[in-house]
Amino acid sequence: MSEIVIVRDEVEAGALVANHIATMVQAAERFVLGLATGSSPLAVYRALAELVAVGLDLAHLRCFALDEYVGLADGHPESYREVLRREVSTPLGLPADRVHTPDGSLSGVQSAGERYEAAIVDAGGIDLQLLGIGSDGHIGFNEPGSSLASLTRVKTLAQQTRRDNARFFASLDEVPIHCVTQGIGTILRSRHLVLLAFGSGKARAVAAAVEGPVTSSLPASAIQLHPRVTVVVDEAAAAELAHIEYYRHTQAMKPAWQGL
Ligand code: GLP
């Protein structure tokens, strides 16, 4: 079973997850964090930045993003490399070379998947992968229909995803058509998955991911195949979970020695 943690709001979620990451980073000689873009993990990054401001040392931290658009010009403000520079590297004081994104350049994209997989292995694998969830149940940019065993590769974005993301660009036409994304198989290799979802718009996808059948039609349902998953949701995103009373009971009875 995935562990379900129901929180008041994103701020509480951010503090909970950031404190866990901080504890793990301090205890380890190296720690590899998988980053997600989108609004859901922002509170975690803000809470981590607050911990850095009061002395958290991230010298042993390396980060790998889930995905990147294909074909945006170097330095394009909406490339995930730039987004993560603004939201993660700069506020956390991480040198840019410790935050990896797949190579979405037109010249490098053909071998980007293989090189990214190799870089993750070289780093020792991802210890904790942060995940958001699309309203259609996508994780990373693994759209419905993605192989549950897939590795990092080029994907075509769903039109709905392009429309959802058009708000970051001047027009829909400027939203890239392709991306490079960690595969579902890549994500499942991480040692711990932490999926964050907030608001009623995510309720159906969260319920299907946690309790529905495991199916490529809802890529996030693959988390059920992972031995260690924590799903952090607010009440609105938890609203359609059938076994919510059991999850509340589990949360209330959680032994003190169990971390996140
Ligand atoms: C994009 C990202 C996903 C993210 C999703 C939801 O498609 N590639 O990683 O989970 O958006 O974003 P948000 O958290 O803003 O709802």
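Keep in mind the model is a prediction, meaning the values are calculated, not measured. In each ligand, atom 1 is the first atom listed, and ligand 1 is the first ligand listed.
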Original post:
Got the closest protein heavy atom to atom 4 (C) of ligand 1, with its distance?
Top reply: T37 O, 4.0 Å

Original post:
In the protein, what heavy atom is nearest to atom 8 (N) of ligand 1, and what distance, to one decimal place, separates them?
Top reply: D67 OD2, 3.0 Å

Original post:
When the ring centroid of H60 is compared with that of F31, is the distance short of 6.0 Å?
Top reply: no

Original post:
With ring centroids as reference points, do F168 and Y69 lie under 6.0 angstrom apart?
Top reply: no

Original post:
Has R81 got more than 12 heavy atoms of other residues, nucleotides or ligands less than 6.0 Å from its CZ?
Top reply: no

**OP:** May I ask you to test the F141-N165 pair for a side-chain heavy-atom distance under 4.5 Å?
**Re:** yes

Subject >> Ligand-residue contact atoms, ligand 1 with G132, heavy atoms, under 4.0 Å >> reply: 10 (O)

**OP:** Indicate yes or no: at least one non-hydrogen side-chain atom of P176 is less than 4.5 angstrom from one of F169.
**Re:** yes

Original post:
Is there a nitrogen or oxygen of K202 sitting under 3.5 Å from a nitrogen or oxygen of ligand 1?
Top reply: yes

**OP:** Report the part of S40 (side chain from C-beta onward, or backbone N, CA, C, O) that has a heavy atom under 4.0 Å from ligand 1; answer both or neither where that applies.
**Re:** both

**OP:** Output yes when the distance from some N or O of ligand 1 to some N or O of G140 is under 3.5 Å, and no in every other case.
**Re:** yes

Subject >> For atom 12 (O) of ligand 1, closest protein heavy-atom neighbour >> reply: G38 CA, 3.8 Å

Original post:
Of all the non-hydrogen atoms in the protein, which one sits nearest to atom 5 (C) of ligand 1, and at what distance?
Top reply: H138 NE2, 3.8 Å

Subject >> Atom pair OG1/CG of T181 and N142 - distance to nearest 0.5 Å >> reply: 4.5 Å

Original post:
Relative to ligand 1, is I133 under 4.0 angstrom through side chain, backbone, both or neither, heavy atoms considered?
Top reply: backbone

Original post:
Is there a donor in the side chain of T152 and an acceptor in the side chain of E117, or the other way round, less than 3.5 Å apart?
Top reply: yes

